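This one's a predicted model, so the numbers in the text were calculated from it and none came from an experiment.
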Amino acid sequence: MTDNAPAGPPPAASPEPSGAGPAPGAPYDAVVLAGGGARRLGGADKPGVQVGGRALLDRVLAACADAATTVVVADPRATVRPVRWAREEPAGGGPVAALGAGLRLTTAEYVVVLSADLPFLGADTVHRLLAALRDGDADGAMLTDDDGRDQPLVAVYRTASLRRALADLATGHAGHAGHAGHAGHAGQGEQPGRGGLTGLPLRRLTGALRLTRLTDPLASFDCDTWEDIAHARARIREHGHVLNEWITAVKNELGIELDVDTRVLLDAARDVAHGVARPAAPLTTFLIGYAAAQGKGDAESVAEASAKVADLATRWEAEHGGGGSAPDAG
């Protein structure tokens, strides 16, 4: 699902979805940078690389799903939810130029800035960053990794502060580029004659801002290499994570936006497997979902149908003597 509307005047900020917003305060926008060259991945389409059956970009978009406006700076592609698209000029001009392009389509007081390669970023971390910024007077709040390194692409900024810093940086860089071009050389890592924000490192931007820092090695973990991808894929299959990861992937695949207490469903499936027959368990959970959809289609409907089935399974087992294991087939 994607919105391929061309870049233009920024849309009016809309209120956050009821019950899904961050800590009380003004809505926020999100800018996701997804147009890098992925050289350490051999030029692979990194935003589209799948971890747990979901593209890295889609995982990041899920973490900021309650943003009023989400801008992805990259060439348009299919995404799990509607976004707006932007591109720096020239394409490949670096993260600062990409951020400047994305920021032009934002209107909210706060902007969450994310890279598209964060497999373990969740909405709770985004909200924690927002709360840290709203509670203080800093220009931004960013994560640091386990080595204390700043992660400016896992951060939230005051939009006005970021705009000013980018404008100052562009003006200064334009003057420097003109002087360097006239002198016949350019600063290390910067492209001669381009000016603006092209080729600038993020540290030039963040160095001009007052920042609050929060440490979160997991949420700040990014996938720069195939080894990182392999690590992320292995971690989500660990016992403590695999169930939630799988359920999230299934809901994403089926286009379902429903928070369900999986323990309720698992308890019902266990009761049916024990009291009726093991193959009856998956069939019963399907019927629970169908019944819930026939009702209000919400988490309460699922819980109600599950409770009815659990009670039925108990009566069924009692009627047939209760003792011993259930047969393998009906």
My understanding is that only residues two or more places apart in sequence, or in another chain, count here; which of them pass ring-ring contact (aromatic ring centres under 6.0 Å, His included) with Phe120? Phe221
Could you check whether any side-chain heavy atom of Val156 comes within less than 4.5 Å of a side-chain heavy atom of Val113, counting everything from C-beta outward? no
What pairs of residues pass the salt bridge (charged side-chain N to carboxylate O under 4.0 Å, His left out) test when at least one of them lies in residues 154-167, not counting sequence neighbours? none
Is there a side-chain contact between Gln151 and Thr144 (heavy atoms, below 4.5 Å)? no
List the atom of Val31, the atom of Leu99, and the distance in Å for their closest heavy-atom pair. CG1-CD1, 4.2 Å
Out of Val72, Asp117, Val73, Val96, which residue meets the side-chain contact (heavy atoms from CB on, under 4.5 Å) rule with Leu33? Val73
Can a donor-acceptor pair be found, under 3.5 Å and without considering hydrogens, that links the side chain of Asp261 to the backbone of Arg263? yes
Test log, rule side chain to side chain contact (heavy atoms under 4.5 Å, CB included), inputs Leu162 and Leu209: CA-CA 8 Å; Leu162 197 56; Leu209 299 170; 4.0 Å; yes
Enter the distance from Ile288:CD1 to Leu283:CG here, rounded to the nearest 0.5 Å. 11.5 Å
So for atom CD, which belongs to Gln294, do other residues, nucleotides or ligands contribute more than 12 heavy atoms lying within a distance under 6.0 Å? yes
Could you pull out all residues at least two apart from Ile247 that satisfy side-chain contact (heavy atoms from CB on, under 4.5 Å)? Leu243, Lys251, Thr262
Are Ile236 and Trp226 connected, step by step, through hydrophobic side chains (Ile, Leu, Val, Met, Phe, Trp, Tyr) whose heavy atoms are closer than 4.5 Å? yes
Got a second to check how far His274's NE2 is from Thr314's OG1, nearest 0.5 Å? 9.5 Å
Flag for Ser161-Arg210: side-chain donor and acceptor within less than 3.5 Å: no
Non-hydrogen atoms of Val32 and Cys64 that approach each other most closely: CG2-SG, 4.5 Å
Evaluate the criterion side chain to side chain contact (heavy atoms under 4.5 Å, CB included) for residue pair Tyr28 and Asp66; output intermediate values, then yes/no. CA-CA 8 Å; Tyr28 73 93; Asp66 54 356; 2.4 Å; yes
Closest contact, heavy atoms only, Thr284 versus Ala280: OG1-O, 2.5 Å
CA sep, side-chain torsions, deciding dist, call: Leu214, Arg128, side chain to side chain contact (heavy atoms under 4.5 Å, CB included): CA-CA 9 Å; Leu214 290 72; Arg128 190 158 59 96; 3.4 Å; yes
What are the two closest non-hydrogen atoms of Ala269 and Thr285, and how far apart are they? CB-CG2, 3.9 Å
Does Glu227 reach the main-chain N or O of His231 with its side chain, forming a donor-acceptor pair under 3.5 Å? no
Once rounded to the nearest 0.5 Å, what's the spacing between atom CZ of Arg84 and atom CG of Leu105? 5.0 Å
Lys/Arg-Asp/Glu bridge criterion (N-O < 4.0 Å) met for Arg315, Asp311: yes
Side chain to side chain contact (heavy atoms under 4.5 Å, CB included) for Glu238 and Val242? Distances and angles first, verdict last. CA-CA 6 Å; Glu238 294 174 358; Val242 65; over 6 Å; no
Spacing of Asp222 atom CG and Asp145 atom CG [to the nearest 0.5 Å]: 8.5 Å
Do Asp271 side-chain atoms and Ala268 backbone N/O form a donor-acceptor pair below 3.5 Å? no
To the nearest 0.5 Å, atom CG of Asp147 lies from atom OG1 of Thr215 at 10.5 Å
Test: Asp150 and Arg203 ion pair at under 4.0 Å: no
For Leu287, what are the other residues in its hydrophobic cluster, where any two members join if their side-chain heavy atoms are less than 4.5 angstrom apart? Phe286
Let me confirm one number: the CD-CG distance from Glu88 to Leu197, rounded to the nearest 0.5 Å. 10.5 Å
Is any side-chain heavy atom of Arg213 closer than 4.5 Å to a side-chain heavy atom of Leu143? no
Do Leu312 and Leu265 land in one hydrophobic cluster if side-chain heavy atoms of ILVMFWY residues count as linked below 4.5 Å? no
Restricting to non-hydrogen atoms, name the atom on Cys223 and the atom on Ile229 that form the minimum distance, rounded to 0.1 Å. CB-CD1, 3.5 Å
Between Leu218 and Arg235, is any pair of side-chain heavy atoms under 4.5 Å apart? yes
Sub-3.5 Å donor-acceptor pair from the side chain of Thr159 to the main-chain atoms of Glu109, do we have one? yes
Ser220 backbone acceptor or donor facing Asp216 side chain under 3.5 Å: no
Looking at every heavy atom in both Leu133 and Tyr157, which two are closest together, and how far apart are they? CD2-C, 3.7 Å
In sequence, state the C-alpha distance, the side-chain angles, and the governing distance for Thr106 and Asp29, and then conclude on side-chain hydrogen bond (donor to acceptor under 3.5 Å, both in side chains). CA-CA 6 Å; Thr106 64; Asp29 291 336; 4.5 Å; no
Identify every side-chain donor-acceptor pair in residues 52-63 under 3.5 Å, counting partners at least two apart or on other chains, and give the distances.
from  : atom 1 : to     : atom 2 : distance (Å)
Asp58 : OD1    : Val80  : N      : 3.0
Arg59 : NE     : Pro119 : O      : 3.0
Arg59 : NH1    : Val51  : O      : 2.7
Arg59 : NH1    : Glu245 : OE1    : 3.2
Arg59 : NH2    : Pro119 : O      : 3.1
Arg59 : NH2    : Glu245 : OE1    : 3.0
Arg59 : NH2    : Glu245 : OE2    : 2.8

Hey, can you pull the donor-acceptor pairs under 3.5 Å for the side chains in residues 300-309, sequence neighbours left out?
from   : atom 1 : to     : atom 2 : distance (Å)
Ser301 : OG     : Lys296 : N      : 3.4
Ser301 : OG     : Asp298 : OD1    : 2.7
Ser306 : OG     : Val302 : O      : 2.8

